[in-house]
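These notes are about the structure you will find just below.
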Amino acid sequence: MAYMENHFDKRLNPTLLVEDAKSVVSLLLNYYPSASQNKDSYQISKYAYGQDYHFVIKEKLKELLDSIQENIGAVSGRAFVDSAPVLDKAWAAKSGLGWIGKNSNLITKQTGSFYFIAELIIDLELEYDNATTDHCGSCTACIDACPTQAIVSPYVVDGSKCISYFTIELKENLPIEMKGKFDDWAFGCDVCQDVCPWNRFSKPHNEPLFDPNPELLAMNKNDWEEITEEVFKTLFKNSAIKRTKLEGLKRNISFLKD
């Protein structure tokens, strides 16, 4: 994804995003669902079951910053949720929230990896936490399970081979050489997380806004293939799936079906 190369200086230097920045406060929010889709269905990533996380988390970060300002005084800062050139996983790992696993996701011993990462960059000096250690060991479950071999070596993911890239970011036709390799994933992919042993510790979230529409969980392949604009707008009214639009979703389903 070419845009990832943009503003690399800002990724490395938070003071280019927040003047006089002194601290990066990294936060995690669980999105692991209590129920999953019908197995006889085209699949979407769990993070997209409910409302778009950008808006949900931005509101929480605003409340946190307001609380800091009320209790401490004049503190300037900005909230970031996957919305600016911020090295979210790297900052979270430096803060000790987890380690970056062989699938390139941030993993914690306590809850696995099904959570969003967000940041407050503020001009307040804090007592800083330390990075934790890597606990992937000799495990290669994610590498072995990736349907498109996108994890080209431990800790290295080739984004141009990832199902999430193909089904969300790519705007052109899906490459014919990937035919039959998507494992029914119509939006995103969770395989490298689903097989990670640390995710046996995942517990359902308690954020109602991340709860899926029950109709979504009940859909089968035929329902997906016949989805209309009206149904799409109802099911995904405030969802991250709107990024791919109905046209993109239909393209993905057609690629899986044919």
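Reckoned from all heavy atoms, side chains included, excluding hydrogens, waters and symmetry mates.
Taken from CD1 in I117 to OH in Y53, the straight-line distance is 10.0 Å, to the nearest 0.5 Å. Here the straight-line distance linking atom OG of S26 with atom CG of L28 works out to 7.5 Å at 0.5 Å rounding. From L235, atom CG reaches atom CG of L249 across 10.0 Å, with rounding to the nearest 0.5 Å. Atom NZ of K203 is separated from atom CZ of F114 by 14.0 Å, given to the nearest 0.5 angstrom. One distance of note links CG of D190 with OH of Y32; it measures 9.5 Å at 0.5 Å rounding. A distance of 13.5 Å separates CG in L97 from CD1 in I107, rounded to the nearest 0.5 Å.
Heavy-atom contacts from other residues, nucleotides or ligands closer than 6.0 Å to CG of D40 number more than 12. Enclosure of atom NZ in K171 by more than 12 non-hydrogen atoms of other residues, nucleotides or ligands within 6.0 angstrom is indicated. Around the CD atom of E230, the shell of radius 6.0 Å holds no more than 12 heavy atoms that belong to other residues, nucleotides or ligands. Within 6.0 Å of atom CD in E225, more than 12 heavy atoms from other residues, nucleotides or ligands are found, so the atom counts as buried in its surroundings. Crowding of N222 atom CG: a count of heavy atoms from other residues, nucleotides or ligands under 6.0 Å exceeding 12.
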List the atom pairs, donor and acceptor, that lie under 3.5 Å between side-chain atoms in residues 145-153 and the rest of the protein, sequence neighbours left out.
residue : atom : partner : partner atom : Å
T148    : OG1  : K161    : O            : 2.5
Q149    : NE2  : C146    : O            : 3.4

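Salt bridge R243/E169: present, at least one basic N to carboxylate O contact under 4.0 Å.
Under the 3.5 Å distance criterion, the side-chain polar atoms of K22 are left unmatched by any main-chain donor or acceptor of I122. Remark: the backbone N or O of C189 is paired with a side-chain donor or acceptor of S164 at under 3.5 angstrom. Put simply, the side chain of D52 gets close to the backbone of H54: a donor and an acceptor are under 3.5 Å apart. Between the side chain of S239 and the main chain of I241, a donor-acceptor pair closer than 3.5 Å is present. Panel note: side chain T108, backbone T111; a donor-acceptor pair is recorded below 3.5 Å. Counting only distance, with no hydrogens or angles, the side chain of R251 and the backbone of E172 share a donor-acceptor pair below 3.5 Å. N220 contributes a side-chain N or O that, together with a main-chain N or O of D223, makes up a donor-acceptor pair within less than 3.5 Å.
Residues L246 and T228 come closest through the heavy atom pair CD2-C, 3.9 Å. In terms of heavy-atom proximity, N199 sits nearest to G112 at OD1-CA, 3.1 Å. The minimum heavy-atom distance between I163 and K181, with the atom names listed, is CD1-O, 3.8 Å. Between F201 and K109, the closest heavy-atom pair is CD1-O, 3.5 Å. Heavy-atom minimum distance, M219 versus W224: CE-CD2, 3.6 Å. Between Y128 and L124 the shortest heavy-atom distance is OH-O, 4.5 Å.
V56 places a side-chain heavy atom less than 4.5 Å from the side chain of Q51. Between K221 and D184, some side-chain heavy-atom pair lies under the 4.5 Å cut-off. For the pair W198/S113, no side-chain contact is recorded, criterion being any heavy-atom separation below 4.5 Å from C-beta on. A 4.5 Å side-chain heavy-atom check between S36 and Y49 finds at least one atom pair inside the cut-off. Side-chain contact check for T234 versus V231: every heavy-atom pair is 4.5 Å or farther apart.
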Check your understanding: So E59 and L209, side chain to side chain contact (heavy atoms under 4.5 Å, CB included) or not? Walk me through it.
Key -> CA-CA 12 Å; E59 191 59 35; L209 295 176; over 6 Å; no
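Between F236 and F187, the distance from one ring center to the other does not fall under 6.0 angstrom. Ring centroids of Y31 and Y115 are separated by 6.0 Å or more, keeping the two rings apart.
Residues in residues 94-106 take part in no side chain to side chain donor-acceptor pair (under 3.5 Å) pair, two or more places apart or across chains. Identified under the side chain to side chain donor-acceptor pair (under 3.5 Å) test for residues 67-76, with sequence neighbours left out: S67-N71.
Judged as a side chain to side chain contact (heavy atoms under 4.5 Å, CB included), and not counting sequence neighbours, E19 has no contacts. Applying the salt bridge (charged side-chain N to carboxylate O under 4.0 Å, His left out) test to K60 and every residue at least two apart in sequence or in another chain returns E207. L64 pairs by the side chain to side chain contact (heavy atoms under 4.5 Å, CB included) definition with L27, I68, L120, not counting sequence neighbours.
A donor and an acceptor atom, one from each side chain of T167 and W185, are nowhere located under 3.5 Å apart. D134 and Y155 are linked by a side-chain donor-acceptor pair at a separation below 3.5 angstrom, with hydrogens and angles left out of the test.
L61 and Y47 fall within a single hydrophobic cluster, where Ile, Leu, Val, Met, Phe, Trp and Tyr side chains are chained together by heavy-atom contacts under 4.5 Å. Connection of L170 to M178 is established within a shared hydrophobic cluster, with ILVMFWY side chains joined at heavy-atom distances below 4.5 Å, either directly or through further cluster members. Side-chain heavy atoms closer than 4.5 Å link hydrophobic residues (I, L, V, M, F, W, Y) into clusters, and following such links, possibly through other members, connects V81 to V25. In the hydrophobic cluster analysis, where Ile, Leu, Val, Met, Phe, Trp and Tyr join through side-chain heavy atoms closer than 4.5 angstrom, Y165 is grouped together with Y42. Hydrophobic clustering, with ILVMFWY side chains joined whenever heavy atoms are under 4.5 angstrom apart, groups L217 together with I253.
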